[in-house]
Every structure is written in C-alpha cells, then in structure tokens.
S.K.: 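My questions will all concern the structure given below.
The figures that follow rest on heavy atoms only: side chains count, while hydrogens, waters and symmetry mates do not. In what follows, every chain begins at residue 1, and chains take the letters A, B, ... in the order their sequences are listed.
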Number of protein chains: 2
Amino acid sequence: MRKRITAKQVAEELGISIMTVSRALNNRPNVDDKTREKVISTARRMGYVPDHIAKSLVLQKTFTIGLVVPEITHSFFPEAIRGIEEAAYGAGYQLILTHSAEDSERENKALQTLASKRVDGILISTAESVTDYESYESIMRLKLPIVFFDRCVYGIGASCVSIDDFESAKKITAHLIQHGYKKIAHLSGPSSVSIGRARIEGFKNAMDENGLSINDELIIESGFHEAGGYESMLKLLQLPKEKQPQAVVAVNDPAAFGAMNAILENGLRIPEDIAIVGFSDDIRAELMPTPLTTIRQPAYEVGKRAAQKLLAHIENKDEIIDEIIIKSEIVIRESCGCYSDGKKI
Amino acid sequence: MRKRITAKQVAEELGISIMTVSRALNNRPNVDDKTREKVISTARRMGYVPDHIAKSLVLQKTFTIGLVVPEITHSFFPEAIRGIEEAAYGAGYQLILTHSAEDSERENKALQTLASKRVDGILISTAESVTDYESYESIMRLKLPIVFFDRCVYGIGASCVSIDDFESAKKITAHLIQHGYKKIAHLSGPSSVSIGRARIEGFKNAMDENGLSINDELIIESGFHEAGGYESMLKLLQLPKEKQPQAVVAVNDPAAFGAMNAILENGLRIPEDIAIVGFSDDIRAELMPTPLTTIRQPAYEVGKRAAQKLLAHIENKDEIIDEIIIKSEIVIRESCGCYSDGKKI
DNA sequence: GGTTTTTATGTTAACGTTAACATTATAGTA
DNA sequence: TACTATAATGTTAACGTTAACATAAAAACC
C-alpha cells in the first residue's frame, strides 16, 4: 500500500527540487514552460494531491470559514446556507458547519473549536439561550473576523446582516390595523434574541403610531416553535370574551401555525373571528386551510451578503463594521382578512 | 497588536519546555500535578488556543469529515445533516460542508478540495448529473474512506446507507393496487441516480407480482422537481381517455405536487378521478388540498447511521463494506383513495 | 548506601508546504 | 569576449505541534 504522494516525491521522480515543483503547480512565474509541463503531468500521473494542511500552516491562512447555525432544520437556514456556500465557493473558501441546537454551551464549544481549526472568519446566528457575549468577545480578541446574520448581537463591534425586523413587524401590524382591528395580540419571541426584541418593538411602534393602546395582557412570549404558539393562543382564548384579540401578530410562522390550530380547535374561524399574521414565509404558509399572510425573508440573500461581508473583513482588516439590513416583503394571503370577502383591502 | 499565543510562549512564560506544556494540556500522564495546574492556568490567562492545523499536520489526522450534498434546500438534507452533525459532534469531528448543486463538475471539484483539505473521510449523496464514477474512485485510491448516503453508487466497494427504495416503492404501489386501480402510471426519477432506478424497479415489481401489465407509455421520466412532475402529468392527460391512468406513483413528493396541480387544473378530482402517491413525506404533503399518501424517509436516521459507518471506517480500516438499509414507513392520507369515502381501505 | 525502577522533564526530528535568500544558467549588451 | 541583467532553479528556515528517544530527578528496593 503506497503512502500518500508528496511534492518531495514528485521532485525526486523528476530529479528537481521541491521548490520548483511548488512553483510549477502554483502557477508562479520564473519556471521554464517545459519544466512546468513535466511537473504538472508527472504530478497528475503519480496522483499527487496538494496538502492544504501544510499549506495552511505556513501561510497562516486556511481558506475556511466557520459557520454556526442554531437549528439547521428551520426553513430559513438551509436557504441562508446556500447563499453562504455560493459566496464562499466563489471566493475559493470552504465552510465548516457547526450546529448549536439553540444551546449556548454548545455554541461556545463550537466557537472554540472553530478558532482552534484556524478558520479565517466566523459566520454565526446566535442560539436562543445565549445570555452573555463573552464567547463572541473571546473570538474577537483573537482578531478573528466575525459576522452575525439573522440573529444579531449589537454593540460589540461586529458586522451584522439581517432583515429589517423592526420595520417588517411594524408594516405587517399596520396592515392589520388598516383592516380595522383594534384589539391586536402579539405572540413574541424570546427577548434574549435580537429578532424577538426587534419584532415586538415594531409591533408596539405600529400600535402607537396608529393611536392604539397596547394591552400587556395581549403580549405573550411564545418562542419560535409551533407548540409555544399553540399554548400562548390558548391562553389568549381563555381571556374574557371582550378582552380577546381580534387579530394576532405571531413572531414567526411556526408560532402562527400553532396559534391557528388553537383557534380552529376552539371552533373559531380565521380570519372572520380572529385574523392572524406570521413572519418568515415558511413553505407551509400558503398551504394552510386559510393561507397565512406573512413576511417573506430573503434568506439566500441574507446568507450571501453575510458571507460577502465576512470575506471583505478577512481580506481587508480595515473593512468597516456594518449593520446591513436586507429588505423584506409582505406576502398578503387570506389569514389577515384580505380576499376573504372576495376583495383585497 | 499581539500575535497569536503559541505553546512556545506559554512554555517560556513558565520557564519549562514546550513538550511539558503539550503534555499538560493534552492530559497526558507523567506530568506533575502542580506543573499541570500551572500550565493550564497560564495558558488560559494568556489566551492560548491550540493550533489544530499544526496538530493535524503532525498527527496526519484532521478530525474533519467532508460532506457533499446535492441540494441543501431539499427537505431531506437538512434533517440528514442534523443526524450527521450529531454523530460527528459526539465523536469529536467537524464537518466541511460542500454543495454540488446537482452538478457533477462541481461535485468533482468539491471532492478534490476535500481530499486536499485532508478530511479523514467523506460522506456524499451524488449529484443528479453524475455519469461516471472516476471521481469517487480517485478518492478511494487515496485510501480516503467514503460512505454514500441516500443516493448511492454500488459496485465500487464503498459503504452506503439508504432507505429501502425498492421495497418502499413496491409497497406503496401495491397499496394502490389494493384499491383496485389497474392502469397505474409512474413518474420516474432520473435513471442515473440509484434511488431513481430502485423506485422504478419497485414499481414494476409490484405490478408484476399482482399480475398487472406494465404499460411503457405510462412511465415517464420527470426528475425530482415539481416542474417535471407537472409537465409529465400533462403528457399523461393528453393520452386518449381510455389509456389514461387511474392512479400515479410519483418518484417523490415535489413531483407529486406538480402532478397534482396538473390534475386539478384539468378539472379532475383527486383521488376520485386520479389517485396519486408520492415519496419522501415532504413537510407540505399533509397540507395539500387532498393530503398526499407518501413514504416517510427517516432522514435524520439515515444521516446519523451514515456518519457512524464512516467513523467506523475511519477508525478501523478493516471495517467491512456495508449496504445499510433503513426501514421507511408508508404514510396513508387521502390522495390514494383511503378515507375519501369516510373509511380506510 | 548504592542500585534499580519509576516519574518528570527536555531534546531532536518530523509532518508538507512556502518565503526569502542564494546560486547557477541563459540571454542580452557593449 | 567579457560583463551585466534576467530567468530558472536550489537551499535553508519556518509555520506549531507531537512522537520517540534521552536525560535528570525522585522513589523504591535489598
């Protein structure tokens, strides 16, 4: 069983130095054309594969980007990863994928591992359970560029790419208000996560600007999952009839799905009895019994821009820290009350 | 701006040798407890992060697995990746994720890159457009363990983990036959992909065993996407009435969705006029106007088992080559004709 | 107390590559 | 032709770690 072929062996085969082999294979100048050809063909014939590990060690650069994702099965992330991969691939970088499973402990470990593997930069969407930023700061102390995407951390001097959560939440809430609803509930995300905070603020801002009072009883933290949406909606439905909301703004589509189930199980109609809107345009949104009005997040675009920004930081250490906002789009379906009587509001 | 801290600097700080630092930090025996403590605390204080690249070079092992996925947004893959990540994480390995985008050229490049990055093994689900196996064989020549998952390549001496495509296709076809349908069509996958071939064979086998003749006009290659299913179904609907199928077995759910749209747009009912079944239990399957009967693929399990098998190959070079089949499950909904009259067949 | 065993630490070389400098061959110039 | 500029190739050291062997110190034995 032959061992792996190295540049040294190719050099010996040709009776030349390793350096000439290296130069020939890396398209460097000052190599005779004939030599270069011989080297290339001999290397191929011998099955030589350059050792990127050795190269990384001497160059102090791995052409690898670390990626930390909280929950890869959320429909947003596969799309975002595709955008990231596209940008990275185009620039000749590979991706090390790690999964925090929404656990801050695991996220921290992943960051340490990535630093240890000497990635050139890190792309991260924070876990739900993160409470302090020490692990991010320790990465930054290593002068390792870090770019947040979707779920951001502000004020620690890192770039961030996300959608305009505040504006989007405000816009979709305002849309409900236009329908004439006055008692509007919000199923909120965890306040520890930037998008949770931004969306609740957008909701409140829309209510304020339209002269509607905010009833704290109608704001319930439900988290990002269907079960939380279901539970929270049940609580709302247990309020006395006159306090119950006419419409609901859910922090994301899964939470909205849960809430929709709760509404239907209580024998109420959507949107006639209670209107509801989501956030994220999950693939299931348009297939619900009453198609869900929601916000479409350009996940691919977010991923791509985040990767591009990270690459810029990697290749130019004076690249300015930026907070990039990608515009989202409201997708009007029926659950808000539009079309239900045959015409759009 | 301080440079990165190395073991050498920690050693100098303490006035001891690098080797003692290395031993202390790696929990090796024969280090005085006091020395070990001092090393660990000093390393932490100085912000030392071990360099895995250097370690990989000397150990000739990277604790990294290469992953090649054809289309990360297919709902199967995020789940499978989660399983892979789980197994890899548990064993202390990281994942380099590459995306072939169903393109064999790009897949080949990804494999070369992974070999160059000295991954310890490769997990791959082949691209649709792959025609020859040279790139896989070149990986195997490097003694790099490779395990196929979901879409397999047989006969080249690599392990493979997939669901029982043949049996599952046979089972779901037989289910349609039990309903009494005799003219059954198949929208097939590309025959270049193992699962495409296995499913068509399962379909034919079920027809055979139940004494039904196979009409080649009713077998159309539609590929894995919605558009192909739609187009193919239109072709079937252009056949003379007496030749049109009573039921359709689609190669996967997206193809089935496309076909369902074509059926409905032609004013036909599902399943009364044409019954249909899919394959993969896409998240949308139960939300269709007529919920789709399909095969549930345990994607997480497939990913996890594939990763485990690869790890076994990595850690024991005599590990036997295996073809592992994960059992799938038929999910009965309404599109096959069950429940449509209020009772299950 | 001296010899052997065990434990703790140090030294050297190696992993496979490239940068930087050194040398040799070739071409160009006067 | 001799001298210089340029192109092609070679040599050495370095990247940060660990294995393998070497040595020194401490403990155990008779």
S.K.: Taking only side-chain nitrogens and oxygens of A:Asn26, does any of them come within less than 4.0 Å of OP1 or OP2 of C:dT18?
M.R.: yes

S.K.: Taking only side-chain nitrogens and oxygens of A:Thr6, does any of them come within less than 4.0 Å of OP1 or OP2 of C:dC15?
M.R.: no

S.K.: What about B:Arg4: does its side chain form a donor-acceptor pair under 3.5 Å with the base of D:dG16?
M.R.: no

S.K.: Identify whether any heavy atom of A:Ile53 sits under 4.0 Å from a base atom; if not, whether one sits that close to sugar-phosphate; answer base, sugar-phosphate or nothing.
M.R.: nothing

S.K.: Between B:Leu59 and B:Arg36, which residue's closest nucleotide on DNA chain C lies nearer the 5′ terminus?
M.R.: B:Arg36

S.K.: Between C:dA19, C:dG10, D:dG10, which nucleotide gets closest to the side-chain atoms of B:Arg23?
M.R.: C:dG10

S.K.: Mapping B:Asn30 and A:Arg28 onto DNA chain C by nearest heavy atom, which one lands closer to the 5' end?
M.R.: B:Asn30

S.K.: Output yes when at least one side-chain N/O atom of B:Gln60 is less than 4.0 Å from OP1 or OP2 of C:dG16, else no.
M.R.: yes

S.K.: Just to be sure I understand the rule, does B:Pro29 reach a base, reach only the sugar-phosphate, or reach nothing, if contact means heavy atoms closer than 4.0 Å?
M.R.: nothing

S.K.: Pairing donors with acceptors under 3.5 angstrom, does anything connect the side chains of B:Lys55 and A:Ser116?
M.R.: no

S.K.: From A:Thr73 OG1 over to B:Arg82 CZ, what is the distance, rounded to the nearest 0.5 angstrom?
M.R.: 5.5 Å

S.K.: In this structure, how many angstroms lie between the C1' atom of D:dA25 and the CD1 atom of B:Ile16, rounded?
M.R.: 16 Å

S.K.: Counting only N and O atoms by type, is there a donor-acceptor contact under 3.5 Å from the side chain of A:Ser135 to the main-chain atoms of A:Asn108?
M.R.: no

S.K.: Measure CD1/A:Ile18 against P/D:dA13 and give the value in whole Å, please.
M.R.: 15 Å

S.K.: In whole angstrom, give the distance that lies between atom CD of B:Glu37 and atom P of C:dA8.
M.R.: 14 Å

S.K.: Assign B:Val31 to base, sugar-phosphate, or nothing according to its heavy-atom contacts below 4.0 angstrom with the strands shown.
M.R.: sugar-phosphate

S.K.: Are B:Thr35 and C:dT9 close enough that a side-chain N or O sits under 4.0 Å from OP1 or OP2?
M.R.: yes

S.K.: Without decimals, in angstroms, what is the distance between A:Lys8 NZ and D:dT11 P?
M.R.: 13 Å

S.K.: Taking CG from A:Asp51 and C1' from D:dG16, how many angstroms apart are they, rounded to a whole number?
M.R.: 15 Å

S.K.: Rounded to the Å, how far apart are B:Lys61 NZ and D:dG16 C1'?
M.R.: 19 Å

S.K.: Taking NZ in A:Lys61 as the centre, count heavy atoms belonging to other residues, nucleotides or ligands within less than 6.0 Å. Is the count above 12?
M.R.: yes

S.K.: Would B:Arg106 pass as a cation-pi partner of A:Tyr89, given that its NZ or CZ must be under 6.0 Å from the six-membered ring centre and within 45 degrees of the axis?
M.R.: yes

S.K.: Taking only side-chain nitrogens and oxygens of B:Thr20, does any of them come within less than 4.0 Å of OP1 or OP2 of C:dT9?
M.R.: no

S.K.: From C:dT17, C:dC15, C:dA8, pick the nucleotide closest to the side chain of B:Asp32?
M.R.: C:dA8

S.K.: Please answer whether the main-chain N or O of B:Glu128 pairs with a side-chain N or O of B:Glu102 as donor and acceptor at a distance below 3.5 Å.
M.R.: yes

S.K.: How close or far is atom P of D:dT9 from atom NZ of A:Lys38, stated in whole angstroms?
M.R.: 8 Å

S.K.: In whole Å, I'd like the distance from the NZ atom of A:Lys55 to the C1' atom of C:dG16.
M.R.: 12 Å

S.K.: If the cut-off is 4.0 Å, is A:Ser17 near the phosphate of D:dT9, judged by side-chain N/O to OP1 or OP2?
M.R.: no

